[in-house]
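In what follows, a structure is listed as structure tokens, so that the remarks can point back to it.
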Amino acid sequence: MRIILLGPPGCGKGTQAKMMVEKFGIPQISTGDILRGAVKEGSPMGKEAKKYMDGGLLVPDEVVVGIVRERLQNKDCASGFILDGFPRTLPQADALTEVLKELQLPLDRVLSLTVDNQALIERLSGRRTCRECGRGYHIKFDPPKKPDFCDACGGSLFQRDDDKEETIRERLTVYENQTAPLIAYYREAGILAVIDGMKKIPEVQKEIDRLLGGGLD
Ligand code: AMP
């Protein structure tokens, strides 16, 4: 099962990807997580990427394509993968098509999650993450029992720099201009399925299950 989760920041790609990892036992490849890891490590790539990420802009195509090309060659991708947050531009999509052709791993489905902008801003601005174990919360929709601390491990919660309101707006504009054209790209390829991401998490999950088991919309 080789899948792309496509959609604006805050549409639920990461949440659904994590549930699919559990269910299907295939890896989630999140370029955002990989880049944040590089920033934390302070590697040269992380230092370069941080300049773009802090402003809500996209990291250059060559950098992310290089990351994904390498990651897809890992053994754990042989039985499938879920791409979360990649591709985000037409050149990235073209590069992915080439890499997958070389590796003889054709894509099965592109799941496009749609959510309106007001809801995205509310979801992203309330998002918090545990500094210790990485568990995610939302101050309104999924608050921790003790404000600012993780229920699971007691670690302190933080807000991603790019989840501050001004940066969120920039990220949404970048999505509209650079990433939304991929919906038509994959529709033309005949592998696009559209999912209403405004629904509750378990309902979206059910819809994904149905689509992966059945036909395309
Ligand atoms: P995410 O966690 O997917 O929202 O990604 C966070 C940030 O990482 C984005 O705002 C970009 O700056 C960068 N990033 C992640 N994936 C990509 C990508 N495929 N292309 C370019 N930049 C990316």
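Small disclaimer: the values here were computed from a predicted structure and weren't measured. This chain uses plain numbering: 1 for the first residue, then up along the sequence. First listed ligand is number 1; within each ligand, the first listed atom is number 1.
- Put simply, the side chain of H138 gets close to the backbone of E122: a donor and an acceptor are under 3.5 Å apart.
- Not a single heavy atom of K13 lies less than 4.0 angstrom from ligand 1.
- From the protein, the heavy atom lying nearest to atom 11 (C) of ligand 1 is L57 O, 3.5 Å.
- For the pair Q92 (side chain) and R88 (backbone), a donor-acceptor distance under 3.5 Å is present.
- Taking only nitrogen or oxygen atoms, main chain and side chain alike, V59 reaches within less than 3.5 Å of ligand 1.
- Checked for salt-bridge contact, D161 and K164 meet the test: a charged N lies under 4.0 Å from a carboxylate O.
- Nearest non-hydrogen protein atom to atom 13 (C) of ligand 1 is L35 CD1, 3.6 Å.
- At distances below 3.5 Å, not a single donor-acceptor pair connects side-chain atoms of Q104 with backbone N or O atoms of L100.
- Among the atoms of R36, some N or O lies under 3.5 angstrom from an N or O of ligand 1.
- A salt bridge does not link D148 to R128: none of the charged side-chain nitrogens sits closer than 4.0 Å to a carboxylate oxygen.
- Note on R36 versus D33: salt bridge recorded, some NZ/NE/NH1/NH2 to OD/OE distance being below 4.0 Å.
- What sits closest to atom 16 (N) of ligand 1 on the protein, heavy atoms only, is T31 OG1, 2.8 Å.
- One distance of note links CE of M20 with CE of M1; it measures 7.0 Å at 0.5 Å rounding.
- Here the heavy atom of the protein found nearest to atom 20 (N) of ligand 1 is Q92 NE2, 2.9 Å.
- Between E165 and R169 there is a salt bridge, since at least one side-chain N of the basic residue sits less than 4.0 Å from a carboxylate O of the acidic one.
- Against a heavy-atom cut-off of under 4.0 Å, R171 is close to the following atoms of ligand 1: 4 (O).
- Comparing heavy-atom distances from atom 1 (P) of ligand 1 across R88, M53, Q178, E170 singles out R88 as nearest.
- Taking distance alone, with nitrogen or oxygen atoms compared against 3.5 Å, G85 approaches ligand 1 more closely than that limit.
- Atom numbering of ligand 1 starts at 1 in the shown order; those under 4.0 Å from a heavy atom of R160 are 1 (P), 2 (O), 4 (O), 6 (C).
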